[in-house]
Peer 1: 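First, the structure itself, so that you have it in front of you.
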Amino acid sequence: EPEVTQTPSHQVTQMGQEVILRCVPISNHLYFYWYRQILGQKVEFLVSFYNNEISEKSEIFDDQFSVERPDGSNFTLKIRSTKLEDSAMYFCASTIGTGGEQYFGPGTRLTVT
Amino acid sequence: AQTVTQSQPEMSVQEAETVTLSCTYDTSENNYYLFWYKQPPSRQMILVIRQEAYKQQNATENRFSVNFQKAAKSFSLKISDSQLGDTAMYFCAFMKFGYALNFGKGTSLLVTP
């Protein structure tokens, strides 16, 4: 069964450093999402991406964040200058169309020290 | 903005028993979807069940069923014949057609032998 994959599974970085989280959505899916979950809290939407551009973003997704689909398979989330409060689990999700089930990847646990 | 409320932070049920998790939401939209996601200790997000708002019939997936009350904006999840593997965090989520998922804070379910 096709699945969303994410790398790395765990990333430790120092405050102020840039990180890139990678996702490979399911191959025929067209809509891509990033969510984050701070430990013990709910899952929060960051950004959605369709047709090579951002279609929606939350207030969390400020100028330090960016997304890109550099080739036909990868979907990346970049955090330019990490802060302690960026420590969280970051989930990528994809769906074939609006209203369809969003398939989640296993997540990348980001720890900022 | 839509809000999703899960009023039970923790619940416990004995194996083979039935348990119901509550969820209410607030929206002025007419076309939307509702979901229940399961998050086991691995933190993977797993879709349990989905409901389209335009469908009056309650969704069912094996031991999992929902009680969707559109007028009351209520969407509860019933788990029958609970199994130890059902122990997890359960998140209710709302999705306006074409937009991202909006999650509740979750209910931690413990299934005991």
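Letters A, B, ... are given to chains in the order of the sequence lines, protein chains preceding strands, and every chain is numbered from 1.
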Peer 1: What part of B:Q6 lies closer than 4.5 angstrom to a heavy atom of chain A: side chain, backbone, both or neither?
Peer 2: neither

Peer 1: Indicate yes or no for a side-chain donor-acceptor contact from A:E56 to the backbone of B:Y99 under 3.5 Å, with no hydrogens or angles considered.
Peer 2: no

Peer 1: For atom CD of A:E85, decide whether the heavy atoms of other residues, nucleotides or ligands shown that lie under 6.0 angstrom number more than 12.
Peer 2: yes

Peer 1: So, do B:Y37 and A:F104 have ring centers that fall under 6.0 Å from each other?
Peer 2: yes

Peer 1: Cluster question for you: counting only ILVMFWY and a side-chain heavy-atom cut-off of under 4.5 Å, with indirect links fine, are B:V66 and B:V4 together?
Peer 2: yes

Peer 1: Once you round to the nearest 0.5 Å, how far does OH of A:Y35 lie from CG of B:L101?
Peer 2: 3.5 Å

Peer 1: Give the member of A:R109, A:M89, A:Q102 that has the highest number of heavy-atom pairs under 4.5 Å with chain B.
Peer 2: A:Q102

Peer 1: Near A:D71 CG, under 6.0 Å, is it more than 12 heavy atoms from other residues, nucleotides or ligands?
Peer 2: yes

Peer 1: Do B:R50 and A:E101 have side chains that get closer than 4.5 Å, going by heavy atoms?
Peer 2: yes

Peer 1: Check the surroundings of atom NZ in A:K42: do more than 12 heavy atoms from other residues, nucleotides or ligands lie under 6.0 Å from it?
Peer 2: yes

Peer 1: Please check if the number of heavy atoms outside A:R69 that lie under 6.0 Å from its CZ is greater than 12.
Peer 2: yes

Peer 1: Do the side chains of B:R43 and A:L39 get nearer than 4.5 Å, heavy atoms only?
Peer 2: yes

Peer 1: I'd like to know which of A:G97, A:G107, A:G105 tops the heavy-atom pair count under 4.5 Å against chain B.
Peer 2: A:G105

Peer 1: Would you say that more than 12 heavy atoms from the other residues, nucleotides or ligands in this model lie under 6.0 Å from the NZ of B:K70, or not?
Peer 2: yes

Peer 1: Do other residues, nucleotides or ligands put more than 12 heavy atoms under 6.0 Å from A:D62 CG?
Peer 2: yes

Peer 1: Within a strict 4.5 Å, meaning less than it, do heavy atoms of the A:E44 and B:F103 side chains meet?
Peer 2: no

Peer 1: Starting from the C-alpha separation in whole Å, work towards a yes-or-no answer on side-chain contact (heavy atoms from CB on, under 4.5 Å) for A:Q37 and B:F91.
Peer 2: CA-CA 12 Å; A:Q37 184 184 32; B:F91 292 98; 3.4 Å; yes

Peer 1: Is it the case that over 12 heavy atoms from other parts of the model lie below 6.0 angstrom from the NZ atom of B:K73?
Peer 2: yes

Peer 1: With only heavy atoms counted, which part of B:M95 is less than 4.5 Å from chain A, the side chain, the backbone, both or neither?
Peer 2: side chain

